[in-house]
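Accompanying notes for the structure given below.
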There are 2 protein chains.
Amino acid sequence: MRRVVWSELDKTQRELLLQRPTRNLSAEVRGNVQAIMEDVALRGDAALRALTQHFDGVALDDLAVSAAEMAEASESLSLELRDAIEAAGSRIEAFHNATRPRSVIVETAPGVTCERISRPINPVGLYVPAGSAPLPSTALMLTIPAALAGCSNIVLCTPPRKDGSVDPIVLAVAARIPGIRVFKLGGAQAIAAMTFGTASVPRCNKLFGPGNSFVDEAKRQAAQRSDGPAIDMPAGPSEVLVIADAGANAEFIASDLLSQAEHGADSQVFLLSESAELLDAVSAAVDRQLETLPRREIASKALEVSRLVQVRDLQEAIDISNDYAPEHLILALRAPREWVDRIQSAGTVFMGDWTPESLGDYCSGSNHVLPTGGAARAWSGLSVASFMTSLTLQTATSTGIANIGPCAVTLAEAEGLEAHARAARLRLAALP
Amino acid sequence: MRRVVWSELDKTQRELLLQRPTRNLSAEVRGNVQAIMEDVALRGDAALRALTQHFDGVALDDLAVSAAEMAEASESLSLELRDAIEAAGSRIEAFHNATRPRSVIVETAPGVTCERISRPINPVGLYVPAGSAPLPSTALMLTIPAALAGCSNIVLCTPPRKDGSVDPIVLAVAARIPGIRVFKLGGAQAIAAMTFGTASVPRCNKLFGPGNSFVDEAKRQAAQRSDGPAIDMPAGPSEVLVIADAGANAEFIASDLLSQAEHGADSQVFLLSESAELLDAVSAAVDRQLETLPRREIASKALEVSRLVQVRDLQEAIDISNDYAPEHLILALRAPREWVDRIQSAGTVFMGDWTPESLGDYCSGSNHVLPTGGAARAWSGLSVASFMTSLTLQTATSTGIANIGPCAVTLAEAEGLEAHARAARLRLAALP
């Protein structure tokens with residue numbers, strides 16, 4: 001990993017260092033995605049079958065996963081894996097349940113109440129990728145908050161394998177949610193199906209889940225349509241930024257950097273420390289651990305765009321992190337709690353030596369669908385609220401409008417909106 | 001207003017009836033907006049000055065509103081208006097403050113905690129339109145939740161008048177927020193300025209506020225950029241759906257329909273009732289009230305695409321409303337509370353005879369920046385949370401990783417992500 005000293009860089013070099021590796025989204029990719037979207041909008045299931053044959057190499061009669069396939073999948077899993085799924089699921093449920101939106105009612109004036117209530121979004125469309133590896137953990141992170149939100153109409157798309165089956169672990173996770181409908185669809189065609197609806201696949205009001213650049217582009221195109229679905233967040237390559245002090249464990253940190261790097265060749269990892277010794281030790285540990293890593297080719301590519309950064313002090317490290325707004329932030333510090341108030345932008349934060357990123361990826365309870373590419377400056381990770389809308393209710397009694405009606409009249413007149421003023425005045429004149 | 005009986009319509013006629021009037025967004029408008037965006041990205045303030053001269057007919061040296069202008073504006077207002085702004089502001093503050101995101105901490109396993117905390121987004125960019133009328137109430141609805149969120153870097157753009165000044169009421173509202181920076185910019189060029197940043201205008205991480213079709217298109221183009229800002233929601237023409245029973249007051253309802261209709265020629269209003277007599281009475285009242293309405297030309301155009309719909313019963317009316325997902329829903333019912341649980345999608349709901357839409361537009365306490373065009377199916381109105389991100393924190397002690405580390409190892413192995421498994425295994429092996 002390349003090593004730099006932050007104080008020796010000028011402004012341009014600093015900006016370059018923190019630049020994300022751009023997904024090379026050519027006009028050709030955009031055009032291909034657009035063609036897929038149009039094809040599915042026009043020909044529905046016929047287009048989905050043709051595209052699945054073309055991209056996934058399998059001819060499917062039925063795009064939907066059957067109840068029998070769901071049941072079989074669960075049974076095919078080892079007891080250990082089934083237990084791990086349940087244990088992770090129950091912790092994810094516990095945390096997500098605690099962050100559910102709560103109803104609020106406020107009397108804003110005598111006789112006037114304002115309330116906020118929440119409603120599940122229906123149907124919702126979930127996408128679980130299966131590129132270099134299927135990701136059943138993503139199925140947990142999407143289905144659990146959807147179910148807690150009360151979504152009754154949940155659609156899940158995940159790519160089929162060449163034999164026409166779907167990863168059994170993903171199916172076993174989906175099978176935890178009563179009534180969910182799973183479809184053997186991947187890539188832009190899956191997003192198109194949930195955007196427009198076909199004879200098989202319901203049209204969805206909001207789309208969720210990570211994906212490759214085709215999936216991301218399809219979600220962006222879907223969201224841009226005036227009648228299109230909402231999307232959870234823009235998706236991009238995964239990334240981690242680690243801030244470590246001199247007391248941190250170099251082997252632990254190396255394993256965390258490699259956890260991120262093995263996700264994809266376009267992943268990005270940073271280690272920031274004031275300790276040159278620690279940076280040396282981590283660099284050596286990364287090289288050593290990399291040798292025996294099955295996905296070392298992918299990880300090596302990611303490490304090429306990754307950096308070890310020597311900083312002056314922890315405050316400088318926090319400043320850099322706030323500027324970068326990482327998806328994952330690890331505080332490998334003796335006293336991480338002292339720095340929390342200074343963190344402005346990050347998807348999720350891992351505190352101390354005993355909290356590797358992989359805990360949050362799988363089973364600590366927090367969600368791993370998080371804003372990437374700097375989107376953490378304005379977006380948040382998934383939660384139950386992502387699967388709900390909030391509505392406000394307002395109720396004025398005759399006393400209420402007597403109290404605040406004149407205020408509405410004054411402001412409406414100031415805006416030159418006479419009908420608005422009248423709606424209040426008519427009622428004020430009719431008060432009992 | 002045209003009258004229809006819902007049960008007499010077939011599926012296609014029902015869909016047509018509930019179709020929104022589309023903003024005629026030609027490829028030309030899209031191209032014009034794109035050209036404006038590129039011009040501002042390239043030439044910054046010089047482009048802003050040229051575009052303001054072209055569209056607003058005024059040559060500005062300084063795009064920023066000065067402290068002196070802010071102070072003068074407040075002083076120029078009548079005492080009555082100043083009081084109304086403060087009264088409305090305090091109720092909006094009370095309700096928005098009660099709906100602030102709260103921190104949550106959960107122990108998901110012995111030695112493992114997950115937390116959610118919130119952070120203000122900075123800088124945020126607010127847009128206050130001033131088309132047929134300046135909208136100081138929109139300035140209240142944008143600035144108050146931004147300030148409550150703790151945003152310290154708030155930018156507000158609003159179009160200049162031909163004399164180079166800005167609506168004094170909008171300025172007086174802005175002046176309530178310490179440190180806010182107001183710019184004399186309107187239309188797509190305002191959105192472009194906050195998207196890219198210029199020498200005068202800060203680049204913003206999220207853009208808020210309604211606008212005409214140019215503003216909406218510019219926000220969509222900004223959000224589509226991979227390095228672009230987030231946006232609050234897609235913006236479209238305003239709309240109301242009223243559900244009334246036989247006991248409702250026809251004059252009140254007519255005034256509510258006209259409140260909405262006077263917003264713009266592309267506004268849409270619906271009245272649904274099982275009572276033919278009420279529909280007759282409202283139709284007559286609308287015609288009568290329209291005669292003396294200053295904005296009757298605008299309102300008449302909106303009424304052309306608006307409908308009185310006779311329904312079989314209240315459940316049918318609620319079903320139609322849920323399908324339409326109105327921005328504003330008025331329940332002019334004897335027992336509105338009984339129907340709340342059945343409402344699935346709406347921006348905001350007005351309960352009973354004494355709660356006209358104009359109360360919510362100005363001063364009940366709820367926000368009037370709401371999802372339009374059916375977006376209420378997946379989007380919510382503005383709240384303090386719209387101006388914040390939420391981060392999760394997770395902390396495992398050595399006990400914590402001893403408890404849940406093996407679960408992470410099992411799931412990582414199932415996904416074939418060895419570095420993820422190792423990050424947990426290394427720590428489990430090093431446990432004290």
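Residue numbers start from 1 in every chain, and the chains themselves are labelled A, B, ... in the order their sequence lines are given, proteins ahead of strands. Just so it is clear, the values below take in all heavy atoms, side chains as well, and ignore hydrogens, waters and symmetry mates.
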Identify which part of B:Leu431 has an atom lying under 4.5 Å from any heavy atom of chain A, answering side chain, backbone, both or neither.
both

Structural part of A:Val340 lying under 4.5 Å from a heavy atom of chain B:
both

Between B:Arg422 and A:Thr292: side-chain donor-acceptor atoms closer than 3.5 Å
yes

Could I get the full list of ring-ring contact (aromatic ring centres under 6.0 Å, His included) partners for B:Trp354, not counting sequence neighbours?
B:Phe252

If you look at every heavy atom in A:Gln394 and B:Gly360, which pair is closest and at what distance?
OE1-CA, 3.2 Å

Turns out that what part of A:Ala223 lies under 4.5 Å from chain B's heavy atoms comes down to backbone

Interchain contact, A:Arg337 with chain B, by part (heavy-atom threshold 4.5 Å)
side chain

A:Thr410 versus B:Glu80, side-chain donor and acceptor atoms under 3.5 Å
yes

Heaviest contributor of heavy-atom pairs below 4.5 Å to chain B, chosen from A:Met351, A:Glu107, A:Met388, is A:Met351

Please state whether the side chain, the backbone, both or neither of A:Ile92 comes within less than 4.5 Å of a heavy atom of chain B.
neither

Roughly how far, to the nearest 0.5 Å, is CG of A:Leu417 from OG of B:Ser358?
10.0 Å

Where do B:Thr99 and A:Arg116 come nearest, in terms of heavy atoms and distance?
O-NH1, 3.6 Å

Is chain A contacted by the side chain of B:Ile169, its backbone, both, or neither, given a heavy-atom distance below 4.5 Å?
side chain

Which atoms of B:Arg296 come close to chain A, meaning under 4.5 Å heavy atom to heavy atom: side chain ones, backbone ones, both, or neither?
neither

To the nearest 0.5 Å, atom CD1 of B:Ile404 lies from atom CZ of A:Arg91 at 5.0 Å

Examine whether an atom of B:Gln344 lies under 4.5 Å from a heavy atom of chain A, and if so say whether it belongs to the side chain, the backbone or both; otherwise answer neither.
backbone

Looking at every non-hydrogen atom in both residues, tell me the closest pair between A:Ala98 and B:Arg102 and how far apart they are.
O-NH2, 3.4 Å

A:Asn249 versus chain B, heavy atoms under 4.5 Å apart: side chain, backbone, both or neither?
neither

Greatest number of non-hydrogen atom pairs under 4.5 angstrom with chain A, of B:Val409, B:Leu293, B:Ile401, B:Leu290, falls to B:Leu293

Between atom CG of A:Asn403 and atom OG of B:Ser364, what is the distance when rounded to the nearest 0.5 Å?
13.0 Å

Name the option with the most non-hydrogen atom pairs under 4.5 Å to chain B; the candidates are A:Ala230, A:Ala414, A:Ala412.
A:Ala412

Please flag which part of A:Glu115 lies under 4.5 Å from any non-hydrogen atom of chain B: side chain, backbone, both or neither.
both

Among all residues two or more places apart in sequence or in another chain, which pass the ring-ring contact (aromatic ring centres under 6.0 Å, His included) test with B:Phe95?
none

Closest heavy-atom contact between B:Ala88 and A:Leu411?
CB-CD1, 3.8 Å

Relative to chain B, which of A:Pro356, A:Ser255, A:Ala408 shows the most heavy atom pairs under 4.5 Å?
A:Pro356

dist A:Arg220:CZ -> B:Arg225:CZ (nearest 0.5 Å) comes out at 11.0 Å

Testing the basics here: between B:Asn205 and A:Ala378, what is the closest heavy-atom pair and its distance to 0.1 Å?
O-CB, 3.3 Å

Applying a strict 4.5 Å limit to non-hydrogen atoms, the region of A:Thr397 in contact with chain B is backbone

Which distance, rounded to the nearest 0.5 Å, do you find between the OG of A:Ser345 and the CG of B:Leu391?
7.5 Å

Please determine whether a side-chain nitrogen of the Lys or Arg among A:Arg427 and B:Asp256 lies less than 4.0 Å from a carboxylate oxygen of the Asp or Glu.
yes

Where do A:Ala376 and B:Thr389 come nearest, in terms of heavy atoms and distance?
O-CG2, 3.6 Å

Side chain, backbone, both or neither of A:Ile343 within contact of chain B (heavy atoms, under 4.5 Å)
both

Can you tell which part of A:Gln289 gets under 4.5 Å to a heavy atom of chain B, answering side chain, backbone, both or neither?
both

First locate atom NE2 of B:His420, then atom CG of A:Leu359, and finally report the distance between them rounded to the nearest 0.5 Å.
11.0 Å

Side chain, backbone, both or neither: which part of A:Pro234 has a heavy atom under 4.5 Å from chain B?
neither

